[in-house]
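Hydrogens, waters and symmetry mates are skipped; everything else that's a heavy atom, side chains included, is used. Letters A, B, ... mirror the listed sequences (proteins, then strands); counts begin at 1.
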Amino acid sequence: MTAANLVKESKFLAILFGLTVICTLSAAVSYLIQPLFDHLLVSTQIANLIHLVAGILLSLILLPYCYVHIKRIIGVRKFAVFASGLVCLLLIAGVVFTGMILAIEGLTEQNQSILHWHIILVLTAISLLILHLLSHYYSFVKARYGDTFRTISELKFSLFYQLCSIALVSLIIWVVELSSQSPYQQTAIVDNYQYLYGEHPFRPSQTETPNQIFIDERALMTTHKCAGCHADIAKQWQSSAHRQAASDKSYETNVTLLATKKGIAATRYCEGCHAPLALLTGQLTEGGLHGGIENSPANLEGVNCQSCHGITHLTHTKGVASYQFAVNQAYLFETAANPVLQKINSLLIKQNPTQHKKDMAAPIISSAQYCAACHAQFIDKELNDWGWVKMQDEYSAWLEGPYSGNHDPQFAHENQKKCHDCHMPLVKADDPSADQQGRVRDHRFLAANTMLPLLAGDQAFLEATIDFLRKDKVRISIEPPHRTEATSNMMPLDESLRQAAVQPYYFYKGELANIKVIVANTGVGHNFPGGTIDINQAWVSLMVTDAEGQIIYQSGNIDEQGYLDKDAYQYRSLPVDRGGNIVWKHDLFNMVGKASVNIIKAGQSDVINYQFKVPYWSKGPLYLSAKVHYRKLNTQYAKWALKDEYQTIPVVDMARTHLSVPIREKLETIDNANSLAATKD
Amino acid sequence: MSKQNTLKHSGISQIRIANFCKNIFVWLCLFLSLLLISISLLPEHQPIKNLPENKHQIAPTPTISFADRSLVSGLNHQHSQHTGKITDLIDSLSASACVADFNNDGWMDIVFPSGGGQTRYYGAKSWWNQHKNIEIYQNQSGYFVNKSERAGLEIQGSTTACITADLNNDGLTDIVISGVTQSRLFKNLGDFTFEAITDFTDHTQDQWVSHISVSDINADGLLDLHLSKFIKYRKNQKNLENATGFSEQHHRQFEPGAFDGIANQLLINQGKFKFSDKTQDYLKHLYADRTLSANWLDLNQDGLLDLIEFNLAEQPTRTYIQTSPGIFSEQTHSQWPLLINHSHFADAYQNIHDTAPLMIVSRAQGLSNLAFKLEAELQQDLAWKTGLNASQFLYQNRWGLALADFNNNGLTDFALATGGYKPDPFSPQASLASPNLCGQKQNTTEQGFNFQIEACIKQLNQSSRSAVKLDANNDGKMDLLFVNNNDFPQLLLNQSPSDLNWISLQIDDLANWYSASLMIKVGDKKLNKTVSLSHALFGNHDPRFHFGLGHNQQAEIRLKSIEGQIIQQTLTANQFYRLSQNRWQVISMQPADDPDLALGDGQNSISDLATAIRTLHNTSVNLSIQTWIQDLTARASSAQIKETAQLVQNNPNRLHVALYLDWINSKHADLVKAAFQAIQDLEQENTSLYLLDYLTAKADTNRFCASAAVFAHWFEQEEAVTRFKYKAVPYLFRALSFNQDTKIICAAHALGHAEHKNAADAILAVLSNQSVQVQAALVNALGKTRQREANSSIIRLIQSTQSAELIQQGLIALIRLNQRHMHQVVSGIKDKEALFTALINLPQATDNIVVKPDDRRLWLSQISPSLDYAKLHSNQVKQAYLKAATENLVTEVALWPVLKQADNPSLAKTAADILIQQTEQKVAQYSTQQIRLLLDYPLTTRQLIRLITYSKLSQPQKIIPSELKQLNHWQMQNLVSVFNQLSDKHQRYLAAQLSVLPVNNLNLALGDCVNSTPTISMSGQSTQLQAYILACELIYTAHKPNLDELKYKLTMLSRSTIMIQESVFPFLNYFFNDKHTTYQSKLALARLSAGLLNQVELRDKFKHSWAIRYFQYDKTALGWVKNQLADNNELLLNQLLTQGYFEPLSARLDLLKLNPQITPDTRQRLNSFYLQANLQPTDNQEAIQ
């Protein structure tokens, strides 16, 4: 052992000691103090940064130290010292390893256990280190060098220097943070904002912000930043109807119509849900750009990440954007323009996303009523110059159904389901917010819009939507036309049993056949159909053919131009204007009520009666084929709203069923008897 | 010291400060640099991917189309199996065919198990049964010739299935035929003769073998047999299973579940036609399933053929996977996607652009078909997604399958045989028909595909069982043969407009190469296939391997046997190859559709349609002949068409029905009419199905009515077309609801004759809300249906109608329907005027014969007294009243005043009719003025003759010429138009009167010359009259086919005086003046022209006049003009030029051909004629100059 080596080791030790102290302190600030003091966010984040840097440095310097240290102690035969030292080294390696994972991957949901292991390993390593020192002290140092470790000479100087430089680094960060800050604007983005619907800036939309301030565009347009970490989710959202909520061609047509007829301020009614960016930033006033204007920011973003994740609570569940929006608490360099600082900002979120999670996932976000903000709707006098009219309300429909568990709970669905369970099921994703099984909530929000993926040419999403619509949503069945007057049992039966015997079913030639078709809403958590049922099309078709395929009866066909048979049995609402005419353009500001609403509530069913004559030319058995069809938009509206982008919107068969019914001839004698009887009459 | 200390201290301090600064700086740098490094470690922002591109691109592919060539294929037998009507599964389950090259000539022959005819369920034939239950056809260049007579193929009972394979490895394809009671193996002796191997029959005695398949299970180079066995059938067997219900509703005789199953059998070939049953050894189980069929497919793509058995009675398929050669393991896993119940058949195929072999499973009515990609693990069913299933097809029973690349684009398409197995309720000798489906595969994405599905052929629905693919005409496109239950087979030739490439490979010694690996590589695409016989349901397909190559010109073929022998060769596309001496050799074959092949020598020279038809009198029409006749028909003149139509109508030929069916769609009305007539007279079962296509809403009305009339005739003739004619009844029922009155009337007429039990109900259902004419036709039909439930409706209808026509038909119908107390019915008719009209006009009504004249008279006498002419409302009733008056049923009415009522022409006409019909005495008293009045109306020939004969006109002395001169043109025409038809005496009288009138009046009678000539003798008449008579005779004879008579008359003309001759020509010119358009006039003109111009004795002057006048319309005249010009006929040229025929002459004359013969003088004059006419000289004319 040479003195030079000892000096070298003592120098390394000094550095390591200092770094350990810094790491421990910064970790303590970050991990222990933060939950207690929310306002110490800045210092916590600086501590996070320091912890990261010090940790890396520590890991790097550990290697030469271990080399020198091990080289020095080779030959020392002290088991306790050796064993504790070796285990300690392994533990430190574990600490470094877990630290590296956390440094690289960030503190994701799946890495929570790694964080715990990191802490446990650190504490254990420190404990063992103390044990190592003590055993070394009592077995060797005390006996040979009289209470003094020979390698601690540099400790205090090094610690001092390191602490000072940490202080300086913190100071620099703080100064840079202050200098790079660019505070969020709280006024409308367009000057001379109009207050046409009272003093509230967002009326007739039901949206609220703290003190009714406007929200800075930068606080809303964070999609790319979010995608930096949540790439998979961003991809899902990219295909979704939420992303296209404003750039949807039919919406563009309708909102432009509204703006033309009633002025841009009236579009606040729609934009709170379709283009929150336009509403919250104060665009929706004379001179501003509403979301229906192509390539405007609000048009491009639609309902983006912040639009949902910035909601803190609901003002009520009647809908029309009835949410309270708040800007999240800023991390360091949140508003900085410098790319390096922006990176540091991302790094900080990644390393310690506690506040991020708190901001982005308000407790309400996982509730069903959260969706009611936009998936419930009414219109009032201020817009239709008539009065309050209730419109779509999936939330109430869900509450009333068996899936909510609230309505007659004894008979509720076994697995209570919320909106998220169907429309945002857990899917596999490589995402920091993924749960322990690597799943996130599906941000494609699969529902019933087949028009958007069709127009976007997104075949995969279209197929996924069609699959979604087909999977156990509705059922259809045809009630066999049992003959109550006949039994199919050839055994001699007691008279009292005859009514209970199996009744065969068949049609007679020439008779007026009655058929009942039952459609059941078995898997839609709300009404079937839901949403904009004035322009959506859901209907039942029935086709009856004979054994050679000759068509005997059909209802619910689509003609060559894409229009549905006028007599088809449809599930829809028929909104009417004050003149009693149908409002078919979805121009809701003209709507004053509904002529009819035909839907099937969750868990309920509907019976449709069909009647047709069984022709004498038919050859048995008759073949009945019934289907439930759905099409996102009816053709009249689609051709008007989509204009030159119109494409034939696919008709999705949501359920189908078939029944074969034998045909019988009425015996001639009976017929003659009847006709003779008729003649006598 | 202190200073030093101070210095030292200060030095140390400086050092410390420096150290401090240095250390701080170092640490600061270190921290900051690490910070930056950490930041750089952050993952980059991942840009959100742009939206996926729309890959929905459908590759352009030639559309598949087939043409029905059944009637010209020579396949003229019929599958038949029932005793009067289809009553059970034996009757309706199967129909099959096997394709093989029995004589190794490269053309695929066919053998059909064609049912047992009138064979009872226990196997006994009816004594009158002549039906042959195995039919074999030799393919002679695409035409099939029946070789059954001497083939030696005999079997007992009903036949169900077949298989063709070389079972003794002698190079000749043998046949196994299975039946309900017996199965037989036939050794091929060559030249279409076979010998039954009796040992084989023992294996299957009294067992229903529904399907046979082959495979070399033990890899010994001998093909083994798998027999699918169906049920133990007992007529009217009662068992507990499915024992409830109405028998007519459940149709237990059609339910396999009501009978016990039989275990299938695996027969291992021991060589020399010896087989041993090794089922238990190989398959481990002996399930007594109700197996309909089985197939050997490589389900898991391991190169070994697996066995799949398809069971009915809602039992699952059984799948045996061949894990290693000869070792089978049954798949029982509940998730095995093929473990599905009640399936009929499955087949798989892969073409060069398919990503994997596609397997399709066909199933019964209401059950979905299945489709899988055959890969190591079977994936989910693709049938709905790819369009193979659709609600509108699920009503069908789907049976046999043919998977092939029909348009040679490298993608596998399919054809699916469909048909119900229960009897057609209207035609119980046939099972329920439905359209066979053809699916064209279309790639939508790299992996995805879908099928465009439609009926293989639109106009012919039969109850098919097996779909067999074959290249019948060796044109490189796969054709289809649908084999139909209790019906004729249907051969569809592939007409896909594809110029894409293909290749066909034939392995004759298939047994030696069974299970070998056939690899085909085209460009960068490669596919592997296990060599096996391609099984069809109940039979087998064309044994050649056909691949569509798309645009590729060649393919690399690698064949590797299970012993490891490899044959590798690159082959050029569009050739048939045969594996011979371990090399693929090209087979050279003549195309089948060369007309010379079939027509024989000399027939190509025939260019006349009628002659061709006569020549073909004893020849069956094949495709070549059909094409040839089509070509002749397209080029035929209207005269030829007329002649042909006449020929066909008079002598319909059963060998020519294909032509007649073709002609139904002709644009020539005569041919259409003749074709329908011929089909009606021939009464052939196989034509009836084709006629059904003309009974649809889309069909043209004339053809609809013609088709309906054919069926009406057949219905009337009980023995005619007994099997299929009643298939028309549902079509006719449907026609009742069309919105075309004519069609309803035609349908009603046919339905009346059909006397179907539902006809009355169907007609009554549509009786209201129709026009009166339609109602009358429907009521007439009701009468013929003999169903008395119609009586009350008819009575209600006629008692409330205002239509006389309807009342007439109502009364006729009610009499037919034995309505009692008819006089009460008649008295209950409210509209007495209509009733009166009806009864008066009853003798003119359709089917009036059923009403007794006495009854009519009685009913008339009931109502007549209550009618007063003056108070009658409609003209129709007044007309009737007038007629009644003539029968003395009502008070007489003064007719002359009625006749003078100019405002009521129809009534006046009736009055005129009655006046003419009055007694001879009365007519004789009519004044000339009254006669003039009568002549104002369009009278019939009969009336005119009566008038001329009885009136003053026949008494020249009573006529004042000035009165006659007052006759206007119309009256004059009326008068003379019947001249030729009057008696000799009256012609003479009338001629005398006409002599006082201008000669031109005789022109008015010329129209009648076509049909008759004057009988008056020429001598002693005026020149004009003689000329008229001669002209009339010429016209008459020119319209007759006998040329001798015409020649004779022309001789008479040439021998008559010049004055007469000069007078004849104006008459002829008058007649032909405006008659150049009709066929008959053209023909007459041509005849007359030919005779006239060739009449030596006739003066040239007349010939010139004739030729100049008619050269524009008649070729003989034109030829004559040409000749005369060539002969420098000055007279003619002068006449031509002076009469100003410049332009027509220039248009008609082919001057260039005349040129060499024309003298310079004539040329000069022609030149001047051109200049005179201000015509621009063309090359031709310049040549003249």
Side-chain angles (χ1 to χ4, degrees), chain A residues 49-50 52-53 56-57 103-104 161-162 164-166 168-169 224 227-228 231 234-235 238-239 340 343-344 346-347 350 456-460 488-491 502 504 506 509-510 543 545 547-550 615-620 623 625 627 656 658 660 662 664-665 668 671-672 675 678-679, chain B residues 20 23-24 26-28 30-32 34-49 51-56 243-246 248-249 365-366 391-392 394-396 420 422 424-426 432-435 445 461 729-731 733-734 757-759 761-762 765 788-789 791-792:
Chain A
L49 270 182
I50 288 166
L52 176 73
V53 173
I56 293 167
L57 207 56
I104 292 165
Y161 295 139
Q162 286 175 30
C164 287
S165 57
I166 288 300
L168 274 172
V169 168
H224 267 78
K235 265 186 244 169
Q238 183 71 16
S239 306
V340 176
K343 277 208 162 190
I344 295 176
S346 299
L347 180 69
K350 204 168 143 184
D458 189 347
Q459 190 66 22
S488 69
N489 203 314
M490 294 176 86
M491 297 169 75
V502 176
Y506 47 81
K509 268 191 187 177
M543 185 166 78
T545 57
E548 291 198 336
Q550 294 287 343
Y616 286 99
W617 50 258
S618 54
K619 300 178 181 180
Y623 198 75
S625 167
K627 287 184 194 172
R656 58 182 165 235
H658 316 280
S660 191
R664 296 186 64 197
E665 300 259 2
E668 205 171 339
D671 277 3
N672 273 341
S675 66
T679 320
Chain B
F20 177 79
N23 280 327
I24 286 291
V26 167
W27 283 109
L28 201 59
L30 206 58
F31 278 123
L32 288 174
L34 270 174
L35 190 61
L36 286 173
I37 291 165
S38 312
I39 293 161
S40 66
L41 279 177
L42 265 181
E44 277 297 311
H45 280 257
Q46 293 179 13
I48 301 166
K49 265 194 184 171
L51 288 172
E53 283 173 28
N54 188 1
K55 288 182 181 173
H56 195 84
T244 60
F246 295 103
E248 72 268 37
Q249 186 186 337
Q365 188 207 34
S391 298
Q392 67 265 34
L394 280 188
Y395 76 90
Q396 296 176 326
K422 289 178 188 163
D424 184 326
F426 291 90
L432 285 163
S434 56
T445 59
N461 285 352
V729 172
Y731 285 82
F733 281 173
R734 279 195 287 276
K757 60 184 174 184
N758 289 140
D761 290 323
R788 291 198 58 201
E789 62 260 42
N791 290 27
S792 55

Which atoms of Asn791(B) approach chain A - backbone, side chain, both or neither, heavy atom under 4.5 Å: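 For Asn791(B), there is no contact with chain A at all, as no heavy atom is under 4.5 Å.
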Do you know which two heavy atoms are closest between Gly620(A) and Leu432(B), and how far apart they sit?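 It is O-CD1, 3.5 Å.
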Between chain B and each of Lys627(A), Lys509(A), Arg656(A), Met543(A), count heavy-atom pairs under 4.5 Å; write down the option with the most.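 When all of Lys627(A), Lys509(A), Arg656(A), Met543(A) are compared, Arg656(A) has the most.
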Please list, chain by chain and in numerical order, all residues satisfying side chain to side chain contact (heavy atoms under 4.5 Å, CB included) with Asn461(B), sequence neighbours excluded.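 Asn461(B) satisfies side chain to side chain contact (heavy atoms under 4.5 Å, CB included) with Ala433(B), Pro435(B) only.
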Which one wins on heavy-atom pair count under 4.5 Å against chain A: Pro425(B), Ser391(B), Ser434(B)?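 Result: the option with the highest number of such pairs is Ser391(B).
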Do [X] and [Y] have side-chain heavy atoms sitting under 4.5 Å apart?
X: Lys619(A); Y: Lys422(B); value: no
X: Leu394(B); Y: Tyr623(A); value: yes
X: Thr545(A); Y: Gln392(B); value: no

Quick one: CZ on Phe426(B) to CD on Glu548(A), what's the gap to the nearest 0.5 Å?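 Result: 9.5 Å between the selected atoms.
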Could you pull out all residues at least two apart from Tyr395(B) that satisfy ring-ring contact (aromatic ring centres under 6.0 Å, His included)?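 Tyr395(B) satisfies ring-ring contact (aromatic ring centres under 6.0 Å, His included) with no residue once adjacent residues are dropped.
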